[in-house]
Structure formats: C-alpha cells, structure tokens
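Structure record follows, encoded as structure tokens.
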Amino acid sequence: MKKFLNATDTLLTESLGGFALAHADIIELSAPPYVIRRKQPKQVGKVALISGGGSGHEPLHTGLVGLGMLDAACPGQIFTSPTPDQMLAAAQAVDTGGGVLFIVKNYAGDVMNFEIAAELLDSPNATVLVNDDVAIPKSQSTGRRGVAGTLIVEKIVGAAAEQGADLAACKALGERVNQNTASMGVALSSCTVPALGNPTFTLGEQEMEMGVGIHGEHGRATLPLTTASAITAQLAAHIDDDLKPQANAQALLHINGFGATPLMELYLIYALAAEHWQQQGVNIVRSLVGNYTTSLDMAGCSITLTLLDDEMLRLWDAPVHTAQLRWGC
Amino acid sequence: MKKFLNATDTLLTESLGGFALAHADIIELSAPPYVIRRKQPKQVGKVALISGGGSGHEPLHTGLVGLGMLDAACPGQIFTSPTPDQMLAAAQAVDTGGGVLFIVKNYAGDVMNFEIAAELLDSPNATVLVNDDVAIPKSQSTGRRGVAGTLIVEKIVGAAAEQGADLAACKALGERVNQNTASMGVALSSCTVPALGNPTFTLGEQEMEMGVGIHGEHGRATLPLTTASAITAQLAAHIDDDLKPQANAQALLHINGFGATPLMELYLIYALAAEHWQQQGVNIVRSLVGNYTTSLDMAGCSITLTLLDDEMLRLWDAPVHTAQLRWGC
Amino acid sequence: MTYPTTLLPQLIEAVANAIDENAEAVAALDQAIGDGDHVINLQRGLAALLAQREELGLLTWSAAWQKMGMTLMSTVGGASGSLLGTLFLEMAKAAADQALDLKGFAVVFAQGVEAMKRRGKSEAGEKTMLDVLVPVAVYLQSDACTAAEGLTGVQAVAIAGVESTRAMLATKGRAAFLAERSVGHIDAGAKSCQLMICAISAVLSAAPT
Amino acid sequence: MTYPTTLLPQLIEAVANAIDENAEAVAALDQAIGDGDHVINLQRGLAALLAQREELGLLTWSAAWQKMGMTLMSTVGGASGSLLGTLFLEMAKAAADQALDLKGFAVVFAQGVEAMKRRGKSEAGEKTMLDVLVPVAVYLQSDACTAAEGLTGVQAVAIAGVESTRAMLATKGRAAFLAERSVGHIDAGAKSCQLMICAISAVLSAAPT
Ligand SMILES: Nc1ncnc2c1ncn2[C@@H]1O[C@H](COP(=O)(O)OP(=O)(O)O)[C@@H](O)[C@H]1O
Ligand SMILES: Nc1ncnc2c1ncn2[C@@H]1O[C@H](COP(=O)(O)OP(=O)(O)O)[C@@H](O)[C@H]1O
Ligand SMILES: [Mg+2]
Ligand SMILES: [Mg+2]
Ligand SMILES: [Mg+2]
Ligand SMILES: [Mg+2]
C-alpha cells in the first residue's frame with residue numbers, strides 16, 4: 001500500500017518532529033535517543049509514568065503523553081521496541097523523586113529492553129506488564145500480548161499518579177486494571193510496513209483474520225468473512241471466557257480501530273458489543289471508540305472490556321490532557 | 001474493500017445507534033427522520049447551529065455535536081445529502097428562539113436540501129455555505145466544494161453561538177472563517193462505498209490523485225506518486241494562491257486524514273506543511289491532526305490553513321465538548 | 001384520452017422494475033463521474049412509493065403527486081432527491097384537480113421542470129437530468145406530440161437526451177468537479193430519468209382508452 | 001592462534017555484507033512468522049558498527065565488545081537488539097583483557113549465550129536464534145572443535161541449527177503467537193545468526209596466522 005513519505009529511514013524522525021511541533025503546548029521531543037516528554041507542570045515527587053514501544057501504533061504511546069497520563073513515551077522504529085538508552089533518558093528527564101513506573105506491553109523485545117533499562121536505573125522503579133489480549137491461550141509460554149487495553153492502564157494509573165499515589169500503589173493499580181481488562185481483535189487486511197513495501201500477509205476477498213495482534217502478523221485463524229454480528233459474538237465470547245463479567249458489573253467498552261476501518265464501522269461494532277453485554281446485565285458506563293492502538297494501515301478492530309470498580313471509574317474520569325485524550329481541562 | 005457490516009441497508013442505522021449509545025452523555029439520536037442533537041443544557045435563545053451531510057465522513061458532523069459546537073447534525077445515507085424533513089426536525093428540536101444557522105457544505109444535494117428546509121422553516125434562519133476546497137478553480141460554475149474546513153467553521157461559530165452571538169453575527173463570522181480557510185487534498189486510493197462493493201476508482205501502485213474531494217471521486221489529476229515533500233509543496237502552493245497568507249499572519253494548520261492513512265504519515269505532512277509556512281513567516285499558532293472529515297476508507301489527506309484573527313483564535317480555544325473534539329471542560 | 005390515477009400502481013411498478021433491471025448500469029454511471037449512490041438513492045425512493053402505491057391510486061393527480069413528492073423528497077436524498085421531489089411537488093401545485101390528458105400533463109410537467117431549474121439553478125446543456133427532462137417537456141408541449149404518436153415519440157426524445165449528455169462538459173453537480181474528465185460519460189441522473197420516462201410511456205401506451 | 005582485534009573491521013564488513021546479500025530472504029522469514037522488521041533492525045545496528053570499525057580495531061576484545069554491545073543495544077531494537085546487545089556485553093565482561101584463541105573465545109561466547117538465555121528466559125528448541133547460538137557454543141567448547149577444523153565445523157553446526165528451526169513449534173518471540181502456524185518456517189533470528197557466524201568464520205579462517 002502506498003504511503004506518504006520522503007524516505008523509509010527518515011519517516012519516523014520527520015513524523016516525530018511534526019508531532020512535536022503540532023503539540024508543542026504539551027509535549028517536547030528530546031534529541032536522540034528519542035523521548036516524547038510531558039511539558040505541563042507537575043507535582044514534584046509524583047510517580048513518573050513511562051511507556052513506549054515500536055512506532056506504527058499511533059496514537060499509542062506518544063499521543064498519550066501529558067497531564068494525567070504518561071510523563072514520557074519512548075518511540076522505537078516501526079514495530080521495533082525502543083532501546084534501553086531511550087528509557088534511561090526518559091527516566092532522567094521525568095523522574096522528580098517519586099520513582100518511575102514503566103508500563104510495558106508484553107512482547108519479547110519490549111519486555112527485554114524495558115527490563116534492561118530498569119536494571120540500569122539507579123532510582124526506584126517498577127514495571128506493569130500489560131497482557132490483555134485473550135486471542136492467545138492463557139497457557140501460551142510467552143504470555144499474552146499487550147494490545148488496546150494498554151491505553152486504559154495508562155489512563156487509570158496516570159490519574160492515580162497525578163493525584164499523588166506512590167510507586168507501589170501505582171503498580172498495584174496498573175496490575176489490577178490489566179487483570180480486569182480483556183481484548184481481542186479481528187483484521188480484514190494486514191498492514192504494509194514501509195520498509196517491506198507490501199502487506200505482511202494477504203487475505204482473500206472473503207476472508208478475515210481472527211485473533212490478530214497489532215504488528216501485522218497472522219492471528220489465530222483465517223476464517224470466512226462473516227457478519228458484524230457474528231464477528232462481535234466471537235470476540236465477545238473470548239473476552240467473556242477470560243473476564244467472566246457478572247451481571248451488574250460496571251464496565252468500559254473500547255472499540256479500537258487498527259487504522260483503516262471507517263469510524264462508522266467501529267460504531268456498528270460498538271452497538272453490537274454493547275448489546276451483547278447489556279443482555280448479560282453488564283452495565284457499560286464508559287465508552288471509547290476510534291483509532292487509538294493502530295497497526296499502521298490495517299483494516300480491522302479490537303474489542304476491549306475493562307471491568308471498573310468505583311476507584312477505577314473515578315480515575316478514568318479524572319482530567320487528562322494529551323494529544324489524543326483530553327477531558328476535564 | 002471488505003467491511004464490518006450486517007447488511008448495507010442497515011449499516012447506517014445500526015452505526016448511528018452505536019454512536020448514540022457510546023455518547024449518550026452528550027447527544028441523543030431521534031427517531032427517524034434521524035437527527036443527532038446536543039443534550040447538554042444551553043442558554044435559551046442561543047443561536048442553534050445545525051449541520052449535516054451524507055454519512056461516510058465520520059466524525060464529521062455527528063461527532064461534532066455538543067457544547068460549543070453543533071446543536072444538531074442531520075446524517076444522510078452514505079455520501080447522500082440528508083433530506084429537508086431531517087433539518088426541519090432538527091430545527092424543531094434545537095431552536096430555543098435564537099434562530100437557526102445552517103452550516104452547509106457546497107455540494108448540489110446539500111445546498112438544495114438545506115435550502116428547501118430553510119424555506120419551509122417558519123423561524124428566523126440563515127445559512128453559511130462552506131467552500132474551502134481550492135482544488136477546484138474559483139470560476140467553476142458549481143463553486144468550490146466544502147471539505148475539511150467545515151469543522152473549523154463549525155467550531156469557531158459554535159463558540160460564538162455558545163457565548164451569545166446572535167444569528168447575523170454568527171452568519172457573518174462563519175462566512176469570515178470560510179473566506180479565510182483554504183484546503184486541498186490528495187489521495188493514494190479511492191474508497192469503497194458499501195453498496196458498490198468496489199473502490200469508486202482505482203489508482204496504480206505508482207499513482208496518486210491530486211485535488212480530490214471527500215466522496216471517492218477522481219480529483220483534478222492522476223499523477224505519478226512522489227515524495228511527501230513534493231506533495232506538500234503542491235498542496236500548499238494551491239492554498240497560498242488562494243489565501244495569500246502574509247508574513248506574521250496567525251494561522252491554524254489542519255492535516256486531515258481521509259480514513260486509511262496512518263497518523264504517523266499525517267504528522268509527517270504536518271511537519272512539512274508547518275515548515276513551508278514557517279519559511280514564509282506565517283505563524284502557525286494552532287494545530288489539528290487526525291481523521292476528522294473522512295471519505296470512508298480512502299487513503300490520503302488534505303491540508304487546511306485558516307488565517308486567524310484574534311477573535312477567531314479566542315473562539316477556536318473556547319470550550320467544546322463533542323464526541324470528537326473536547327477541551328476546556 | 002385522460003389518464004386516471006388508478007394507473008399509478010402500475011406506473012410505479014414499471015418505473016421501479018426499469019430502474020432495478022438497469023441498476024448496475026446506472027450505478028456505474030454515477031461511479032464514473034459521481035459518488036456512486038444515485039441508483040440506490042432512487043431505489044430507496046421507489047421502494048417507498050411502491051409501499052404507497054395502492055393509496056396513491058385512490059387520490060387525484062394533484063394529491064398523488066403531492067404525496068409522491070413528499071415521499072421522494074424525504075427518502076431519496078442527495079441532488080436527485082431534492083430535484084425529483086421538487087418536480088412532483090410543483091406538478092401537484094400546477095395540476096389542480098382536473099383529469100389529465102397528454103396535453104394537460106405536458107403543461108403541468110413543464111412547470112415542474114421549471115421549478116427544478118430554479119431549484120438547481122441549472123438548465124439544459126450542463127450534463128444533468130435536465131438534458132432529458134427539458135427536451136421531454138418541450139416535446140410534450142409541441143405539435144409533434146400527438147395523441148397517436150406522442151407516447152412513442154417521447155421515448156425517442158428521452159433517449160436522444162440522455163445520449164446527448166455523453167459529449168457534454170459537466171457544469172452542474174458532482175461531475176463538474178471533474179471538468180474535462182466528465183466528457184465521454186453519460187450522466188446518471190439523465191439515464192435514470194430516461195428509463196423512468198420510457199417505462200411510464202410504455203404503461204400509458206398500453207392503458208385502456 | 002590468537003586473533004587480534006585488528007580483525008574487527010574486516011569481520012564487521014563481512015557480517016554486514018552477508019546480511020545485506022541475504023536481506024530479502026531474512027526479511028521474508030520475519031514477515032512470515034513475525035512483523036517483518038528483523039533484517040532492517042540488524043542492518044541499522046551493523047551500519048553503526050561499520051561507522052565505528054576502525055576505532056574498534058584499536059581496542060582490546062573486552063573493550064571492543066563492550067562498545068559493540070552498547071552500540072547494538074541502542075541501535076538495533078526489538079527482541080534481537082536486546083539479545084545481541086546482551087551477548088556482546090556479557091562477552092565483554094567475560095573476556096578480561098587477554099588475547100583470544102578459539103578455545104578462549106569459546107568460553108567467553110558460551111557465557112554470552114548463557115546471558116542471552118537468562119535475558120530471554122529461553123533455551124534451545126523454542127525456535128529462536130538460540131537454536132543456532134547454543135549448538136555453536138556447545139561445538140566451540142567441544143573436542144571436535146580443533147584449531148584445524150573448528151572454523152569449518154562451526155559453519156556446518158550453524159547451518160544445521162538454522163535448518164532445525166524449520167520444524168519447530170515456536171514457544172518464544174512473536175512467532176509463538178502463531179502456534180502451529182509457525183511450523184514449517186525458518187526463524188529469522190536463527191538465520192541471521194547463522195549468516196553472521198559463517199561470515200565471521202570465513203574471515204577468521206583466512207586470517208594470517
Ligand atoms: N444542479 C443540478 N441540476 C440538475 N440536475 C442535477 C444538479 N446537480 C445534480 N444533478 C443531477 O443529480 C444526479 C446525481 O444524483 P445523486 O447521485 O442522487 O446525487 P449526489 O450528486 O448528491 O450524489 C446527476 O447525475 C445529475 O443528473
Ligand atoms: N525470548 C527469546 N529468546 C531468544 N530469541 C528470541 C526471543 N524472542 C525473540 N527472539 C529472536 O528474535 C527474533 C526476532 O527479532 P526482531 O524481529 O528483531 O524483533 P521483534 O520480534 O521484536 O520484532 C526472532 O526471530 C528470534 O530469533
Ligand atoms: Mg519488531
Ligand atoms: Mg451522493
Ligand atoms: Mg451521487
Ligand atoms: Mg521482528
């Protein structure tokens with residue numbers, strides 16, 4: 001698929017420059033090793049939230065840096081984990097004595113690079129591992145992938161950190177959000193990595209890929225394309241198997257577009273998913289619909305359900321001011 | 001291109017239902033004839049802003065209904081103008097005595113359907129015609145298309161209306177914003193209308209369509225795909241020909257994705273466009289980057305420049321709370 | 001001969017069939033120089049008319065066209081919906097309550113087309129449905145349109161009209177955005193109007209005198 | 001014989017060439033069961049090493065590997081970057097400042113591979129680069145690895161190792177998400193490591209004694 005670019009090896013740098021210009025009111029881009037960091041003033045001693053990952057998932061994570069959410073994001077090359085020097089630079093830049101909490105998506109490269117940084121970091125730090133994707137069986141030896149639920153962890157923990165929660169509390173909260181979040185995705189196309197020039201895999205005109213991640217790879221199965229209702233039912237069933245939401249539970253329902261699916265279709269999926277859980281007596285109290293954790297130009301979407309206790313709900317509602325999410329200020 | 005849907009003739013209704021559920025805190029969907037209307041309380045006698053158009057451009061316009069922006073949006077079928085009964089129902093629902101301002105994109109169908117409604121409407125009303133697209137020559141007998149600049153008109157006039165400006169002032173302001181806004185788009189692919197099932201037109205692997213609108217049709221010319229810098233330069237040149245921005249002018253720079261272009265590429269275009277105008281001494285004081293006025297699943301983007309006087313800038317910054325734009329509250 | 005509104009169910013069915021049988025072709029025309037929605041918009045409107053056809057057959061022409069105009073206006077959408085709605089609503093105003101023969105219809109129809117021109121700020125020669133409807137209106141009011149020949153002649157006029165759009169440069173509607181690239185393509189609205197006129201004429205030709 | 005660090009420029013060039021010559025094939029492997037970025041990540045790291053090769057040739061092995069490890073760690077990225085960086089940094093620690101012969105290198109290399117296993121929480125048989133590096137480490141430390149035969153033998157071991165990944169079910173890395181669908185594909189990291197080992201062995205074989 002064709003792209004707007006000058007050269008594949010300058011795309012990321014140029015794009016980060018544009019992002020930094022466009023949002024210069026709230027973030028700044030460091031010199032290499034690249035870090036996007038929050039500019040808005042913050043309480044000294046607040047826990048510094050740092051995340052990051054390969055680029056190609058925008059707005060995750062750079063678009064989520066700012067008041068009430070991440071203090072810094074470390075952008076790697078497209079689909080490539082950032083390197084420890086980025087995380088160390090980030091920690092140096094944003095830790096004001098309250099310690100650093102790394103929010104890490106569960107992929108081998110992300111886990112290892114963040115671990116190395118954490119080991120090298122002198123100051124107190126902790127890590128929350130996000131693994132909300134239920135497409136992969138729980139028993140999988142790598143563990144499950146971190147996907148669209150990552151944003152939810154970042155938002156809720158970000159609010160707690162903004163309100164002065166300490167490092168241990170932030171970590172515990174992040175793990176609680178992660179435990180109560182389940183996601184699953186489906187793709188109608190793969191994506192095209194600029195350096196490869198062609199879609200990572202191909203699907204026929206009547207095929208869909210069930211249980212995909214966000215790096216353009218095959219999912220669990222290639223299936224015949226079916227109705228939105230049937231697709232939603234499949235995704236929801238996997239989520240229910242994992243989360244087992246009870247009647248009267250409060251939940252956040254997040255329909256995430258992978259990049260090339262029109263918003264109209266995302267709201268259709270929202271309608272179907274909301275109906276599914278309404279029929280189970282689950283109380284969908286918050287929604288988020290749109291392209292948040294993308295996979296370049298993949299057509300597809302994921303459903304994420306987060307079971308919210310009252311604290312998590314309050315923290316979700318707390319003010320946030322990033323490039324992509326903003327409310328309460 | 002494949003889609004998530006149950007049936008092409010229920011897609012819109014189902015999607016509107018999902019949208020209404022997801023944003024039930026701020027909007028509501030009427031029974032047919034469909035109108036999305038603001039729920040948040042407002043000052044009695046405030047000018048009621050009503051817009052609408054064919055669906056397929058989400059989040060325009062339904063995603064822009066709420067405090068500080070539209071009072072109502074009338075969604076037509078995909079790429080099909082809404083009908084006068086929708087606009088009359090909208091006016092009935094949201095006019096509290098201050099009169100109605102219709103914000104209409106300049107397409108034959110939109111203009112005629114809104115005109116018919118305006119003629120049938122008993123209460124005071126006025127219309128702002130948006131025609132920011134400079135791909136079409138000014139002398140074109142139909143006039144220029146209304147494209148990504150429409151959102152900017154809706155935001156700025158929305159703020160003025162929220163602050164109590166009367167009907168004549170709102171109309172004059174809308175026309176001023178429109179006059180000071182220029183847009184131009186380029187596509188790397190067409191889009192697939194669900195009922196047609198195939199892209200409206202096709203481009204080769206090394207082709208781009210310069211000067212496209214937002215309905216999947218051909219633009220002014222099919223050209224060889226070139227670098228992002230060259231593309232930006234072309235788009236910016238057309239905009240400059242029209243707006244003739246002066247050194248030290250203040251401006252808003254809006255890079256709008258047509259639906260299938262990754263955010264990373266949109267920020268690249270932002271960087272290049274910002275540099276172009278910086279070199280001319282134009283002061284880019286505000287930015288907006290993302291999918292706002294889409295064309296289903298078209299790959300491509302448009303550049304919009306709005307020259308802002310101090311009043312327009314204040315109104316752009318004023319609080320807004322819609323599904324898609326939110327700040328200051 | 002005068003034509004009763006009891007013909008309406010048959011007329012609407014014939015028009016709907018004609019559009020359905022040619023749906024792909026008409027869609028392709030609006031896809032080539034438009035946004036691809038013209039025929040499904042029309043079909044939506046025709047489906048609504050079909051649902052009302054029995055009750056329409058009990059009304060006067062004026063009342064029937066008023067109802068049909070409102071239905072089309074609120075179901076078709078887009079440029080063609082506003083224009084076709086305008087046509088029928090204007091014909092309803094012009095018709096009063098008399099019975100209609102071909103000449104009477106010609107007068108009413110011509111008024112309807114004038115209303116369309118005012119609404120669309122357009123005229124023949126701009127590559128629109130007017131390039132069928134205007135020649136048809138002119139023909140119906142001309143002496144060449146006799147009781148014996150008129151219903152056959154009007155089909156030929158409609159066909160010539162739609163064909164004439166092929167070489168035109170579009171100066172109204174979406175196709176105008178394509179400038180020279182609009183040349184060489186038949187206009188979708190003109191095609192659908194020709195199909196509708198031919199279907200109507202065929203029914204009226206076969207109507208019992 | 002002991003190998004001086006003055007061989008480093010030539011070694012790095014040979015590795016970079018080997019990767020470049022096979023870039024499409026390696027990319028295709030990571031595309032089939034990964035996310036397609038492995039070879040460009042490696043090439044970025046190798047480009048950085050190439051830029052430093054002259055100065056590396058003036059250091060001790062320990063200092064050189066420390067610098068190479070830091071460079072790879074901060075330029076490659078992803079799973080392979082963290083693991084290759086770990087390998088070199090551990091070898092730097094293990095090497096002290098002595099001159100290195102093949103046996104000496106074998107000890108240091110084995111320690112490096114152990115550090116990779118700890119970092120990746122992985123071992124041979126999981127369809128990763130370890131399926132080349134572990135057999136290579138074992139071979140280098142074995143009696144079969146003689147001064148005369150070792151540099152040829154290690155290439156055969158590496159090639160056998162990469163081929164062994166074809167039939168494996170991936171239980172580490174991205175390919176593990178594909179479960180059974182990972183079977184039948186060679187692992188990209190294993191392939192790139194085999195290419196690198198073969199290139200290094202060839203240079204060392206030709207090194208003046
Ligand atoms: N100003 C106009 N006057 C007359 N006919 C017009 C005008 N604008 C558009 N049309 C007709 O409308 C047709 C397109 O209708 P349709 O596709 O339903 O609406 P839209 O262009 O809004 O998608 C064109 O083929 C043309 O015949
Ligand atoms: N836990 C692990 N242990 C050893 N090797 C691994 C592990 N995870 C991944 N790899 C190796 O890394 C390679 C992929 O590297 P690369 O594509 O650069 O990183 P990423 O998987 O992050 O995109 C795999 O082919 C495999 O050889
Ligand atoms: Mg990767
Ligand atoms: Mg249309
Ligand atoms: Mg059309
Ligand atoms: Mg990879």
Side-chain angles (χ1 to χ4, degrees), chain A residues 8-9 32-33 53-56 76-86 88-89 107-117 119-120 133 135-137 140-145 190-201 211-222 295-296, chain D residues 23-24 27-28 30-45 47-48 69-86 89 115-116 118-123 125-129 169-182 185 189:
Chain A
T8 55
D9 54 0
S55 294
Q77 293 291 325
I78 290 175
F79 289 177
T80 302
S81 317
T83 53
D85 51 324
Q86 288 175 272
L88 291 170
Y107 300 98
D110 289 13
V111 169
M112 290 190 281
N113 280 284
F114 273 87
E115 263 181 10
I116 290 165
E119 289 165 13
L120 294 171
D133 177 24
I136 308 288
Q140 168 81 22
S141 73
T142 53
R144 290 165 149 169
R145 296 174 291 210
S190 177
C191 58
T192 296
V193 175
L196 289 180
N198 280 309
T200 299
F201 69 90
V212 283
I214 54 173
H215 293 85
E217 75 275 30
H218 275 288
R220 299 300 287 177
T222 306
S295 182
L296 289 170
Chain D
E24 276 190 49
D30 193 43
Q31 184 173 349
I33 57 172
D35 57 0
D37 62 347
H38 180 58
V39 86
I40 55 166
N41 294 346
L42 260 188
Q43 288 176 311
R44 185 170 50 249
M70 293 300 286
T71 296
L72 290 171
M73 187 75 86
S74 64
T75 58
V76 176
S80 58
S82 56
L83 289 164
L84 291 172
T86 294
L89 292 175
M116 290 175 79
R118 289 190 300 269
R119 176 58 64 200
K121 298 183 174 60
S122 49
E123 34 188 56
E126 306 206 71
K127 199 185 185 85
T128 72
M129 53 177 63
L169 178 73
T171 53
K172 285 295 182 298
R174 277 182 205 301
F177 304 137
L178 301 179
E180 301 73 32
R181 293 167 98 177
S182 65
H185 299 273

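All chains are named by letter (A, B, ...) in the order of the sequence lines, taking the proteins before the strands, and each is independently numbered beginning at 1.
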State whether the side chain of N113(A) and the backbone N or O of G78(D) hold a donor-acceptor pair below 3.5 Å, judged by distance alone. yes
Measuring heavy-atom distances to chain A, does S122(D) have an atom under 4.5 Å in its side chain, in its backbone, in both, or in neither? neither
Mind listing the closest non-hydrogen atom pair of R220(A) and A179(D) along with its distance? NH1-CB, 3.8 Å
Measure distances from E115(A) to the heavy atoms of chain D and classify the residue's part below 4.5 Å as side chain, backbone, both or neither. both
Does Q31(D) use its side chain to pair, donor to acceptor, with the backbone of T200(A) at less than 3.5 Å? yes
Interface check, chain A: of T75(D), I33(D), I40(D), L178(D), most non-hydrogen pairs under 4.5 Å belong to L178(D)
How far does NE2 of H218(A) sit from OG of S182(D), to the nearest 0.5 angstrom? 12.0 Å
Does Q77(A) use its side chain to pair, donor to acceptor, with the backbone of V76(D) at less than 3.5 Å? no
Give the minimum heavy-atom separation between K172(D) and S141(A), together with the two atoms involved. NZ-OG, 4.0 Å
Most chain A-contacting option - heavy-atom pairs closer than 4.5 Å, from E126(D), R174(D), E24(D): R174(D)
Close side-chain approach of Q43(D) and D9(A), heavy atoms under 4.5 Å: no
Between chain A and each of G85(D), G77(D), G81(D), count heavy-atom pairs under 4.5 Å; write down the option with the most. G77(D)
Identify the heavy atoms of G219(A) and R181(D) that sit nearest to each other, and give their distance. O-NH1, 3.1 Å
With a 4.5 angstrom heavy-atom cut-off, is it the side chain or the backbone of P199(A) that approaches chain D, or both, or neither? backbone
Non-hydrogen atoms of chain D under 4.5 Å away: do they reach the side chain of Q140(A), the backbone, both or neither? side chain
Write down the atom of F177(D), the atom of T142(A), and the distance for their closest heavy-atom approach. CE2-OG1, 3.5 Å
Closest non-hydrogen atom pair between T83(A) and S74(D), with its separation: OG1-O, 3.6 Å
Compare all side-chain heavy atoms of T80(A) with those of R44(D) and state whether any distance is below 4.5 angstrom. yes
Which bit of T222(A) comes within less than 4.5 Å of chain D, counting heavy atoms only: side chain, backbone, both or neither? both
Take atom CD in E180(D); do more than 12 heavy atoms of anything else shown fall under 6.0 Å from it? no
Chain D heavy atoms under 4.5 Å from Y107(A): which part of the residue, side chain, backbone, both or neither? side chain
4.5 Å side-chain heavy-atom contact, I116(A) and R119(D): yes
